[in-house]
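First up is the structure itself, then whatever we jot down about it.
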Amino acid sequence: GPFTDRGVVLMSQEMNVSCSIDQFFIRDNGKNYLIWGSYHGIYMIQLTEDGLRVMPGAQKTQLVGGLTEASYVYKRDGYYYLFASINNCCDGERSRYKVVVGRSQDLLGPYLDKSGKDMINNAWELVLEGDGQKFFGPGHNSIIVQDDAGTDWMIYHSYVKENGEVGGRLGMLDRVLWTEDGWPYIKNCVPSTSDFLPVFNN
């Protein structure tokens, strides 16, 4: 900071999108886009060059159906991977939150699962879920970063049970693995307890 209030980017009423939260900004091919929404569809719209307003005349595009929130797009090897979270996020040991993904060769979609079904119709591939013992409701991945060794890492949150107690959600870091045909997942699709750490030279 200091940060300056630059006003509203968009409003639910104007966009006709209930629960306009969990925004994700991406710049692609010289253009700015905002992806947002929660459990009433995930949408994308083009922003102005400074990224502060909706581009005049731009129309929103729906990318995902009504079961997900917390969208995040990661570009790799010619594909856009749209990560999202489904189910209940915030209920401690009863949380069934999980991270899912679909992919597309175009930022505008369609985002498909392995069988070619569209995320618009609530299709997806599993990336991460709880194990029902130690980890509950992992999800809402915020970013994927690559370390200096070329390993991808995902940051997310999860409830963790320790000494028989489940406290608040904790920040988590896990290695992202990729199948031979280019699909991301966390090992065993559950949070890990590995001591394998990112490598940063600087």
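The distance from atom OG of Ser142 to atom CG of Asp22, rounded to the nearest 0.5 Å, is 11.5 Å. For the atom pair CG of Asp131 and SG of Cys189, the computed distance is 12.0 Å after rounding to the nearest 0.5 Å. For the atom pair CD (Glu129) and CD1 (Ile186), the distance works out to 12.0 Å, reported to the nearest 0.5 Å. Note that the OG atom of Ser71 and the CD1 atom of Ile42 stand 4.5 Å from one another [nearest 0.5 Å]. Atom-to-atom distance recorded for Asn32:CG and Ile45:CD1 is 13.0 Å, nearest 0.5 angstrom. Here CD of Glu125 is found 13.0 Å from OH of Tyr185. Values are rounded to the nearest 0.5 Å.
Heavy-atom minimum distance, Leu63 versus Tyr111: CD2-CE1, 4.1 Å. Closest approach of Gln46 to Ala58, counting heavy atoms only: O-CB, 3.9 Å. Minimum heavy-atom separation, Asn88 to Arg94: ND2-O, 3.1 Å. Nearest heavy atoms, Trp124 versus Met119: CB-CE, 4.5 Å. Between Trp153 and Asp147, the closest heavy-atom pair is NE1-OD2, 3.0 Å. Minimum heavy-atom separation, Leu10 to Leu34: CD2-CD2, 3.5 Å.
Val8 has its side chain out of reach of Glu14: every pair of non-hydrogen atoms, C-beta onward, lies at least 4.5 Å apart. Using a 4.5 Å heavy-atom cutoff, the side chains of Phe135 and Val190 are not in contact. In this structure, the side chains of Val160 and Lys134 come closer than 4.5 Å at one or more pairs of heavy atoms. Looking at heavy atoms from C-beta onward, Asp174 lies in side-chain contact with Pro191 at the 4.5 angstrom threshold. The closest side-chain heavy-atom distance from Val101 to Pro184 is below 4.5 Å. You'll find the side chain of Lys75 reaches within 4.5 Å of the side chain of Tyr80, heavy atoms only. For the pair Ser12/Val17, no side-chain contact is recorded, criterion being any heavy-atom separation below 4.5 Å from C-beta on. Inter-residue side-chain proximity for Ser95 and Asn87 is flagged as unmet; no heavy-atom pair is nearer than 4.5 Å.
Taking hydrophobic clusters as Ile, Leu, Val, Met, Phe, Trp and Tyr residues chained together by side-chain heavy-atom distances below 4.5 Å, Val99 shares a cluster with Leu170. Hydrophobic clustering places Val176 together with Tyr79 (ILVMFWY residues linked when any side-chain heavy atoms are closer than 4.5 Å, directly or through intermediates). In terms of hydrophobic clustering, with Ile, Leu, Val, Met, Phe, Trp and Tyr side chains grouped at heavy-atom distances under 4.5 Å, Val145 and Tyr81 are assigned to a common cluster. A chain of hydrophobic side-chain contacts below 4.5 Å, direct or via other Ile, Leu, Val, Met, Phe, Trp or Tyr residues, connects Phe83 to Ile155. Following chains of ILVMFWY side-chain contacts shorter than 4.5 Å, one cannot reach Ile35 starting from Phe25, and the two form parts of different hydrophobic clusters.
The environment of CG in Asn163 is sparse: at most 12 heavy-atom neighbours from other residues, nucleotides or ligands sit within 6.0 Å. Annotation: Arg6, atom CZ; neighbour count of heavy atoms from other residues, nucleotides and ligands within 6.0 Å does not exceed 12. Shown here is Lys187, whose NZ atom has no more than 12 heavy atoms of other residues, nucleotides or ligands within 6.0 Å. Remark: Lys60 NZ is packed, more than 12 non-hydrogen atoms of other residues, nucleotides or ligands lying under 6.0 Å away.
Remark: the backbone N or O of Ser20 is not paired with any side-chain donor or acceptor of Tyr43 at under 3.5 angstrom. Distance alone, capped at 3.5 Å, is enough to place a donor-acceptor pair between the Asp5 side chain and the Gly7 backbone. Side-chain atoms of Asp113 do not come within 3.5 Å of backbone N or O of Gly102 as any donor-acceptor pair. Of the possible polar contacts, one joining the Asn122 side chain to the Gly66 backbone as a donor-acceptor pair under 3.5 Å is found.
With 3.5 Å as the limit, one finds no donor-acceptor pair spanning the side chains of Asp28 and Tyr33. Side chains of Glu69 and Tyr97: a donor-acceptor N/O pair is present below 3.5 angstrom, by distance only. Defined by atom type and a distance below 3.5 Å, a donor-acceptor pair is present between the side-chain atoms of Asp152 and Trp178.
Checked against Leu107 for a side-chain contact (heavy atoms from CB on, under 4.5 Å), the options Thr61, Asn29, Val73 give a single hit: Val73.
Taking the six-membered ring where the residue is Trp, the centroids of Tyr72 and Phe24 are separated by under 6.0 Å.
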Stepwise, does the side chain to side chain contact (heavy atoms under 4.5 Å, CB included) test hold for Trp36 with Cys19?
CA-CA 9 Å; Trp36 85 101; Cys19 204; over 6 Å; no
